[in-house]
Visitor: 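Pasting a structure here, questions to come.
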Amino acid sequence: MERNVTLDVVRGVAILGILLLNIVAFGLPKAAYLNPAWYGDITSRDAWTWAILDLFAQVKFLTLFALLFGAGLQMLLGRGKRWIQARLSLLLLLGFAHAVLLWDGDILLAYGLVGLVIWRLIRDAPSGKSLFNMGVVLYLAGVFVLVLLGLISGNQTSRSWVPDMANLQYEHLWKLNGGAEAIDNRLDMLANNLLALGAQYGWQLAGMMLIGAALMRSGWLRGEFSPGHYRRCAALLIPLGMAINLPAIIAQWQLGWDFRWCGFLLQAPRELSAPFQTIGYAALIYGYWPQLARWRLTAAVACVGRMALTNYLLQTLICTTLFYRVGLFMQFDRFTLLAFVPGVWAVNLVFSVLWLRYFRQGPVEWAWRRLTLLAAGTTQTDTSR
């Protein structure tokens, strides 16, 4: 199958963009990911950093990655049931190891679990339209649960939103010391994440995967529409998403990120806006592909996309080394942490370009394919790097 280079670029943008938010999860306590006033106060530059990232990046690149994951499942249907189930089961196991041994912010386990559930829905859907509609319904169901959680939550501030000094010191301790205590804490956090996945986030994740599969089936993610069509989509969807999210950003700021309103209810507009902006970002790349294809940087981003799994894990290795082994955890504010992002991006880009000069796949992708062949019991032999 001939590679879709534009799709590789979109995937590369998703992987690189995810780091804009993950760098906060690496460098600051867990509470800081959604609450910029996690320590009870906030500087103006932290507030502006949060607001800008919330408007342009928060949830958007994760949603884009989910969209592409669903598109990938659509493309893999021809491999058959055993191949798909083996591939997703191995991703699940890799995600579990990643979440327990390296970092509590893993997304691979969730993608593997949800993928195992919804790939049959993709296979059995009679049309791309029904697939798209089903995805919209599931996504909105997840947002509805989020709103419901906000309505039934109490007025008391959660320690996960504004942790006390003892909790902050303990999180600092186990993340830097590592070992069995760190594994035990990551297991606890994984259990909570799985509960959230089943109760709320999994619905949204499944919905975006189905929408991605529908857009692939229709040819939209294959680039089969005109550049003008994609540009019009981008011009409509990106401002629409921003218009939905911006009032909630302003409201959270005005409310001082109070948990009663900001913990759940005012997260909902961001979740509603994300699919619009996500599809708009993809449309922007497709719409201006004739111009973008001439740039060397675009080719390098495509290499990152071809090695998406390797680069996602590489980001974890770099950042856990810097913040947990070197000891930079909780040493920088939200704004300053962004200074680490270009350096990690450079490693992703250079490593991907150099690796793909000599091999056809990234190292983790190659191992994943080999193990999938063994687990599925297939006779395919094209496993060369």
Visitor: Should we count OH of Y324 as having more than 12 external heavy atoms under 6.0 Å?
Guide: yes
Visitor: Using 0.5 Å steps for rounding, measure from the CD1 atom of I107 to the CD1 atom of I18.
Guide: 4.5 Å
Visitor: Sorted by first residue and then second, give each ring-ring contact (aromatic ring centres under 6.0 Å, His included) pair with at least one member in residues 181-200; sequence neighbours left out.
Guide: none
Visitor: Using modelled atom types only, decide if a donor and an acceptor are shared between the side chain of Q200 and the backbone of G142 within a distance under 3.5 Å.
Guide: yes
Visitor: May I ask you to check whether over 12 heavy atoms, not counting those of F332, lie within 6.0 Å of atom CZ?
Guide: yes
Visitor: Taking atom CH2 of W368 as the centre, does the number of heavy atoms from other residues, nucleotides or ligands within less than 6.0 Å exceed 12?
Guide: yes
Visitor: Are any side-chain N or O atoms of Q252 and backbone N or O atoms of N35, one a donor and one an acceptor, separated by less than 3.5 Å?
Guide: no
Visitor: Strictly by modelled atom types, are N167 and D164 linked by a side-chain donor-acceptor pair under 3.5 Å?
Guide: yes
Visitor: Is the centre of the F340 ring less than 6.0 Å from the centre of the F26 ring?
Guide: no
Visitor: Assign the ring pair F69 / Y111 to parallel, tilted or perpendicular, where the plane angle (0 to 90°) is split at 30° and 60°.
Guide: perpendicular
Visitor: Could you go through the side chain to side chain donor-acceptor pair (under 3.5 Å) check for D333 and T43 one step at a time?
Guide: CA-CA 9 Å; D333 63 11; T43 64; 4.9 Å; no
Visitor: Do we see a donor-acceptor contact under 3.5 Å between the side chains of S127 and R217?
Guide: no
Visitor: Mark yes when over 12 heavy atoms from residues, nucleotides or ligands other than F144 sit less than 6.0 Å from its CZ; otherwise mark no.
Guide: no
Visitor: Tell me whether the count of non-hydrogen atoms from other residues, nucleotides or ligands lying under 6.0 Å of CZ in F351 goes above 12.
Guide: yes
Visitor: Rounded to the nearest 0.5 Å, how far does NZ of K30 lie from CD of E171?
Guide: 8.5 Å
Visitor: Please check if atom CH2 in W220 has more than 12 non-hydrogen atoms from other residues, nucleotides or ligands closer than 6.0 Å.
Guide: yes
Visitor: Count the heavy atoms belonging to other residues, nucleotides or ligands that lie under 6.0 Å from OH of Y312, then report whether that count exceeds 12.
Guide: yes
Visitor: Taking W50 as the fixed residue, which of W253, W38, Y33, W257 is the one that meets the ring pair (Phe, Tyr, Trp, His ring centres under 6.0 Å) rule?
Guide: W257
Visitor: Salt bridge (charged side-chain N to carboxylate O under 4.0 Å, His left out) with E365: which residues, sequence neighbours excluded?
Guide: none
